[in-house]
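Each residue takes its place number in the sequence, starting with 1.
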Amino acid sequence: MVPLATPEGYGREVTSVYSGTAVVPGIGVGPAVRPAPRPTAPDGEAATDASTTTVAFGSAAAEVARRLRERSQAASGAAAEVLAATAGLAEDRGLATFVSKHASQGAGPATATSRAIDELAAMFTAAGGLMAERVTDLYDVRDRIIAELLDLPEPGIPTPEEPSVLLADDLAPADTAGLDPSRIVAIATELGGSTSHTAIIARQLGIPCVVAVTDLHEVEAGSRVAVDGTAGTVTVDPDETEIARLVEEDRRTREAAAGWTGPGRTADGHEVQILANVQDGAGARRAASEPIEGVGLFRTELCFLDRSTEPTVEEQADIYAEVFEALGDKKVIVRTLDAGSDKPLAFATHPDEPNPALGVRGLRIGMADPGILDRQLDGIARAAERTSADVRVMAPMVTTEAEAVWFAERVRRRGLPVGIMIETPSAVILADRLLEHLDFVSIGTNDLSQYTFAADRMAPTLSTLTDPWQPALLASIRMVAEAGRRAGKPVGVCGEAAAHPQLACVLAGLGVTSLSCASTAVRAVGAKLASVTIEQCRAAAEAAMEAAGPAEAARAAADLLT
Ligand code: PEP
Ligand code: MG
């Protein structure tokens, strides 16, 4: 990275600006801290007999799991879930079996742990998607267990005395989940994408965050840095006057967000519904405490990630009813199981696919086994009858008109309004024809990016391609919004794109009628939208679509949205 000397910078210390993908807006300034180095299994670790190794591993793993669970109980929401899931990995039976195998071949406890985790990580990587994403968790568990075995301090994030900025290659979910926002005021990582665990937790905690920052490793611990989670930059030795201005602007933005009471509309009264994404009853209750007009995406598959068998219709009805009840009489868009690929469900996923993201996932699972879909629709219909929520149903991963017709017929038979997610280029191209059979559509920008750019949404090295500011993605969204306008039917966005305040304005300018995002992002999105006119949004949308790339698009839009 070449230091950037601006004209104002001449005659003072040189400033370096590093760029990445902006994921949580806001400014954080302070000395840089980096996670403590991770232990490695010592070379030539003395062999122990198999049972000594197995027992040592067992008690170290149990201690690591106990600590993680303790922190999970002290946390809430996604942070609590991530910590509990990582604790579960430490006690995974498959891991213990691999350790025993290496122990019986004479490896000492730290070596056996390291080899066993390598084997498990190779299996997770081969599975792809969400499983591959858990490899970071696995290595984190390995390091914690080895530190415990070698009597070293627990690896991970320091607890700094003064408010600091956390820089890292990547963060283990267990580290991020335990963060204290009063000590860690911003996060920047060299790896990770806008849907990574780091991003999800940072968003939940409201910590400004930039990921996929090129050359971030060059920034030394102790340097004074400023992270701008809106612009996607990390500035070393920032200009203090400029930073003071940005910090003040950030303070005003946060104040406006805290004071926003809905409903969603621009300063000149153009209505855009602001909705929340949820995955269970607890999340729905949290969302209901925000000024939302409903739920735009209920990810039902996430209720069943730990189930080895399909839940009964009645069990499903209870789970869905808990979410509906939390929303009173508001709108709730339930998505049928989006199993497969990054969200494998033991009872529904087709195993051993060479490329699960392009395999039998989403609606294709229901089409291959209509019983699964019918039982889920029965569960949703029963829950809808028991509550007063305005329930609608949509299917993930629809690619053809025949699929939309097939799905719509099954949902309508149960008396519920029906829509689909637009997540593939074919659905964009067919939007007019699909809408003839549906009541609404909702654009899933996470997958639409992945399939439009042929770039794995989880791959940190491809995060520029899957950046939601990509002009081609914005143009696709406009095609769908225009189809919705012609049909007189709503077109929402429920991917991560809807959580960026500036991008949300651009989406409104493209003609999107609702925005559904993490409930922690709702206020910032609503407040930003309320500060601009629909004409500004349209001009920003035009400028962003005409830009050369995502960074230029974000800058062009920002200039028109102030
Ligand atoms: C999307 O693809 O944008 C979406 C909202 O669905 P998911 O992230 O659950 O795949
Ligand atoms: Mg999707």
Side-chain angles (χ1 to χ4, degrees), residues 4 6-9 12 15-32 162-166 181-182 184-188 194 199 202-203 205-211 213 224-261 264 266-268 274 469 498-509 515 517-518 520-533 536-537 539-540 543-544 550-562:
L4 190 105
T6 60
E8 313 82 68
R12 68 170 191 85
T15 299
S16 294
V17 181
Y18 296 80
S19 295
T21 305
V23 290
V24 182
I27 305 281
V29 195
E162 61 177 313
S164 301
V165 170
L166 177 62
S182 67
I184 299 295
V185 293
I187 301 171
S194 60
R203 198 168 285 127
L205 297 172
I207 301 178
C209 177
V210 182
V211 298
V213 181
R224 184 162 168 79
V225 294
V227 171
D228 184 336
T230 307
T233 55
V234 178
T235 307
V236 181
D237 185 24
D239 178 320
E240 294 299 335
T241 319
E242 173 63 3
I243 287 302
R245 187 187 68 74
L246 290 173
V247 166
E248 173 56 19
E249 198 176 289
D250 184 40
R251 193 193 58 75
R252 280 202 304 270
T253 305
R254 285 175 194 249
E255 208 172 79
W260 184 74
T261 52
T266 57
D268 54 340
I274 308 286
W469 283 99
H500 295 239
Q502 312 254 5
L503 187 47
C505 297
V506 166
L507 297 174
L515 298 161
C517 55
T520 46
V522 157
R523 284 172 185 272
V525 167
K528 181 69 199 171
L529 198 64
S531 75
V532 293
T533 63
Q536 275 180 288
C537 295
E552 293 85 349
R555 270 199 297 276
D559 286 346
L560 294 163
L561 291 169
T562 46

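Scanning all heavy atoms of the two residues, the minimum distance from Gly28 to Ala186 falls at CA-CB, 3.8 Å. Nearest heavy atoms, Ile187 versus Val227: O-CG1, 3.9 Å. Between Ala553 and Ala544, the closest heavy-atom pair is CB-O, 3.5 Å. Closest of all the heavy-atom pairs between Ala188 and Val213 is CB-CG2, 4.4 Å. The two atoms that bring Ala22 and Val210 nearest to each other are N-CG1, 4.4 Å, heavy atoms only. Nearest heavy-atom pair across Leu515 and Ala504 is CD1-CB, 3.7 Å.
Look at Arg254 and Asp250 and you find a salt bridge, because one of the NZ, NE, NH1 or NH2 atoms lies within 4.0 Å of a carboxylate O, short of that distance.
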Quick one: side chains of residues 520-530, donor-acceptor pairs under 3.5 Å with protein atoms, not counting sequence neighbours, listed by atom name and distance.
unit_1	atom_1	unit_2	atom_2	d
Thr520	OG1	Arg203	O	3.4
Arg523	NE	Glu290	OE1	2.6
Arg523	NH1	Ala258	O	3.1
Arg523	NH1	Trp260	O	3.0
Lys528	NZ	Leu561	O	2.7

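Note that CD of Gln502 is 12.0 Å distant from CG of Leu507, once rounded to the nearest 0.5 Å. Remark: Cys209 SG to Leu166 CG distance equals 9.0 Å, nearest 0.5 Å.
Between Pro238 and Arg224, the closest side-chain pair of non-hydrogen atoms falls below 4.5 Å. At least one side-chain heavy atom of Trp469 sits under 4.5 Å from a side-chain heavy atom of Val506. Side-chain contact check for Pro31 versus Glu162: some heavy-atom pair is nearer than 4.5 Å.
Evaluation of the side-chain contact (heavy atoms from CB on, under 4.5 Å) rule for Ala556 yields Ala543 as partners, not counting sequence neighbours. For Pro163, the side-chain contact (heavy atoms from CB on, under 4.5 Å) partners two or more places apart in sequence, or in a different chain, are Val185. The side-chain contact (heavy atoms from CB on, under 4.5 Å) test applied to Glu255 returns Arg251, not counting sequence neighbours. Residues forming a salt bridge (charged side-chain N to carboxylate O under 4.0 Å, His left out) with Arg245 (at least two apart in sequence, or on another chain): Glu242, Glu249. Thr233 pairs by the side-chain contact (heavy atoms from CB on, under 4.5 Å) definition with Val17, Ser19, Asp228, Ala231, Thr235, not counting sequence neighbours.
Among the candidates Val247, Leu246, Val225, the single residue satisfying the side-chain contact (heavy atoms from CB on, under 4.5 Å) test with Val29 is Val247.
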